[in-house]
Asker: 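Please find one structure pasted underneath; my questions will follow.
Computed from a predicted structure; not experimentally measured.
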Amino acid sequence: MLLFIIGLIILIGGGFFYSKYVESQLAPDDRETPAVKKADGVDYVVMSEKKNWLINLLNIAGTGPILGPIQGILFGPIAFLAIPIGCVFAGAVHDYMTGFISMRNGGSQVPKLVGKYIGDGVRKFYNIVIAILLLLTGVVFVYTPGDLIANDVLKIGVDSKAIWIIYAVIFIYYILSTVLPIDKLIGRIYPIFGAFLIISAIGVFIGIFVKGSGDLSFANAGLLAEHPLGQKFIPSFFITVACGILSGFHGSQVTLISRTIKAESEAKVTFYSTMIAEGFIAMVWAAGAMVIFSSGQAPLDTAGTLMVGKISKYFMGNVGGLLAVLGVIALPITSGDTAFRSLRLIISEELNIDQKSPSKRAGLSAALFIPAIAILFFAKSNPNGFNMLWRYFGFTNQFVATFALAVATIYLINNNKNYIITLIPGVFYVFVVFSFIINIKGLGLGMPFSIAYPAAAVIAVLYAFFIVKIGKKNKTRIESIILD
């Protein structure tokens, strides 16, 4: 419990003070934001700071900060330190920097920023990776809420044919939220989802102090426990927890909100503090899972989606537990819709498809849902389908983040600011993703860590050298590029 409290202090206190330093490196001013300058009533729409904060939180907080920490706590109480430290110095910085730089570049999404600051060749590669990530994210966030609704709300089982009706309803909502102007559906329905999210997080948080204070560690284990599957803390913990610490998916979401912020002074609250809030959600669910696991109420190999129901009911009872489950269901749905929206905008920008026309938005959206449905069918029909889907999602999620951190590093170099604050997280996560993909069997190369670690270290050093060199060499070229 002491370690859990220390982690919360690091998260909240560290976030409060460090965000001020990061903001000083960006120097927000009173220039017109894209929401004001390019208002179109569809994607560029001025919304209040409170609404932007809530929408951004729900956009970025999918099942990652819940299912990830539930599995991540199997590495031991070290999660209570790794989550807040990573969130403050990596995840929140990533989100704030990406959203702010997007605002300074007309609300452009990350692919255009990659093209401007790193180069067009890298942009083309990035477009492929981010498109895969967003498509996988959308599918994952149909699969997981659909199964939660079937299992914990309707009690019909996840293998029932009726599950496809649930999936269809979620897809219909996604289509509407992808096509309609952002303030017509997303801006109005999110406060309802937000209420469920807050109830679930606070309910479990209070329950930890009331019922679980004595079960926040594994018996006969120290700070770092032996993972039941023999996984290494680095890199597996950081791939598993993802959204609670750092997530490349967030880059596609904060650039949406960069188009709805009225003033640059609102960016820190909108981008940085929402990631801190997500870190809090991750801490709460990690602690809740620790209580259930360590008290013997569930075996260590219990599926994450089943653990959600167990944690909710244990700490909040049947009625409160149902509300908590509804909050968890809301999280992926409110991230899946904007995943498809981001994918639509990225493709439209790349192909120069005008998105002011409702028919063109609808046509492009329909094209996106066809492969999504095919992937969902594969994942549902294959016994190991979801595990494969989640692994690909986890790897591409963190890999994408290294590009946004590279953009932020070059941006800071160009403006003669402290670029170390983004370079170090970028180098660390390059090491994480490459040591993971080189080592893991099936998905990756299956090499031992004696090879994976040195190889990943070399790639991380080359990443740092390459990014700093671009930033210092191409400063004049980058300053001359104007993104609309």
Side-chain angles (χ1 to χ4, degrees), residues 15-16 18-61 91-113 116-117 177 180-191 193-194 247 249-278 334-335 337-339 341-342 344-346 349 355-356 404 407-408 411-412 415 422 482-484:
F16 177 79
Y18 194 62
S19 65
K20 291 182 178 292
Y21 177 74
V22 176
E23 183 181 43
S24 71
Q25 300 304 300
L26 293 173
D29 55 36
D30 59 357
R31 73 185 67 187
E32 282 191 333
T33 62
V36 176
K37 189 175 182 180
K38 301 172 65 176
D40 62 2
V42 180
D43 295 309
Y44 294 87
V45 180
V46 172
M47 294 196 293
S48 68
E49 184 178 45
K50 291 182 179 178
K51 184 172 285 189
N52 278 325
W53 189 92
L54 180 60
I55 291 176
N56 192 58
L57 174 62
L58 290 169
N59 283 356
I60 65 175
V93 174
H94 167 277
D95 290 10
Y96 183 24
M97 284 285 178
T98 305
F100 191 90
I101 296 170
S102 173
M103 288 174 59
R104 284 284 173 92
N105 286 274
S108 294
Q109 293 209 301
V110 179
K112 278 195 173 183
L113 300 178
K116 173 179 178 177
Y117 290 95
S177 62
L180 291 175
I182 193 169
D183 62 336
K184 298 302 181 184
L185 182 59
I186 292 177
R188 294 181 180 180
I189 200 171
Y190 270 32
F193 286 158
S247 169
F249 168 69
H250 293 188
S252 67
Q253 304 306 293
V254 296
T255 50
L256 291 179
I257 302 302
S258 75
R259 302 176 177 194
T260 61
I261 293 179
K262 184 179 181 180
E264 287 190 350
S265 58
E266 299 177 1
K268 183 181 71 173
V269 171
T270 303
F271 299 132
Y272 196 100
S273 69
T274 47
M275 183 58 202
I276 297 300
E278 180 169 304
T334 54
S335 294
D337 57 4
T338 47
R341 191 181 189 91
S342 298
R344 170 178 67 81
L345 291 171
I346 288 173
E349 286 183 355
Q355 293 297 282
K356 292 182 180 180
V407 167
Y411 178 87
L412 292 173
N415 289 275
T422 52
I482 300 176
L483 298 181
D484 53 23

Asker: Please tell me whether Asn105 and Lys112 have a donor and an acceptor in their side chains that are separated by less than 3.5 angstrom.
Answerer: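 Not at all, the side chains of Asn105 and Lys112 share no donor-acceptor pair under 3.5 Å.
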
Asker: Sub-3.5 Å donor-acceptor pair from the side chain of Arg259 to the main-chain atoms of Gly107, do we have one?
Answerer: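 Pair found, side chain donor or acceptor close to backbone of Gly107.
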
Asker: What are the two closest non-hydrogen atoms of Ala35 and Ala39, and how far apart are they?
Answerer: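 That would be O-CB, 3.4 Å.
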
Asker: What distance do Ile55 atom CD1 and Thr274 atom OG1 have between them, rounded to the nearest 0.5 Å?
Answerer: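 Rounded to the nearest 0.5 Å, the CD1-OG1 separation comes out at 12.0 Å.
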
Asker: For Ala267, which residues count as a side-chain contact (heavy atoms from CB on, under 4.5 Å) partner, sequence neighbours excluded?
Answerer: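 Ala267 satisfies side-chain contact (heavy atoms from CB on, under 4.5 Å) with Tyr96, Phe100, Met103, Phe271 only.
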
Asker: Please check if the side chain of His250 supplies one atom and the backbone of Ile60 the other of a donor-acceptor pair under 3.5 Å.
Answerer: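 Side chain of His250 to backbone of Ile60, a donor-acceptor pair under 3.5 Å: yes, one is there.
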
Asker: What I'd like to find out is whether the side chain of Arg31 reaches to under 4.5 Å of the side chain of Lys37, using heavy atoms alone.
Answerer: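 In short, these two side chains do not touch, never coming nearer than 4.5 Å.
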
Asker: Where is the tightest heavy-atom contact between Met47 and Asn52, given as atom of each residue plus distance?
Answerer: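 Distance-wise, the nearest heavy atoms are O-ND2, 3.1 Å.
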
Asker: For residues Ser102 and Ser258, report the shortest heavy-atom separation together with the two atoms involved.
Answerer: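 The pair with the smallest heavy-atom distance is OG-OG, 2.8 Å.
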
Asker: Not counting sequence neighbours, which residues clear side-chain contact (heavy atoms from CB on, under 4.5 Å) with Thr98? List them please.
Answerer: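 For Thr98 the side-chain contact (heavy atoms from CB on, under 4.5 Å) partners, ignoring immediate neighbours, are His94, Val110, Val254, Thr255, Ala404.
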
Asker: Please name the pair of heavy atoms, one in Ile261 and one in Glu266, separated by the smallest distance, quoted to 0.1 Å.
Answerer: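 Scanning both residues, the minimum pair turns out to be CG2-OE1, 3.8 Å.
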
Asker: Could you go through the side chain to side chain contact (heavy atoms under 4.5 Å, CB included) check for Ile101 and Tyr117 one step at a time?
Answerer: CA-CA 11 Å; Ile101 296 170; Tyr117 290 95; 4.1 Å; yes

Asker: State which residues pass salt bridge (charged side-chain N to carboxylate O under 4.0 Å, His left out) with Glu23; sequence neighbours excluded, sorted by chain then number.
Answerer: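 For Glu23, the residues satisfying salt bridge (charged side-chain N to carboxylate O under 4.0 Å, His left out) (neighbours in sequence not counted) are Lys268.
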
Asker: Can you tell me how far apart CD (Gln25) and OG1 (Thr422) are? Round to the nearest 0.5 Å.
Answerer: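 It is 10.0 Å, given to the nearest 0.5 Å.
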
Asker: If I take atom CE from residue Met275 and atom CG from residue Leu57, how far apart are they, to the nearest 0.5 angstrom?
Answerer: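 Those atoms lie 10.5 Å apart.
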
Asker: Hey, mind stepping through Phe16 and Ile276 against side chain to side chain contact (heavy atoms under 4.5 Å, CB included) and telling me if it holds?
Answerer: CA-CA 9 Å; Phe16 177 79; Ile276 297 300; over 6 Å; no

Asker: Roughly how far, to the nearest 0.5 Å, is the CD atom of Glu264 from the CG atom of Asp29?
Answerer: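 Rounded to the nearest 0.5 Å, the CG-CD separation comes to 4.5 Å.
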
Asker: I would like to know whether Asn56 and Thr270 meet side-chain hydrogen bond (donor to acceptor under 3.5 Å, both in side chains); could you show each step before the answer?
Answerer: CA-CA 7 Å; Asn56 192 58; Thr270 303; over 6 Å; no

Asker: Passes side chain to side chain contact (heavy atoms under 4.5 Å, CB included), Tyr272 versus Val93? Steps please.
Answerer: CA-CA 7 Å; Tyr272 196 100; Val93 174; 4.1 Å; yes

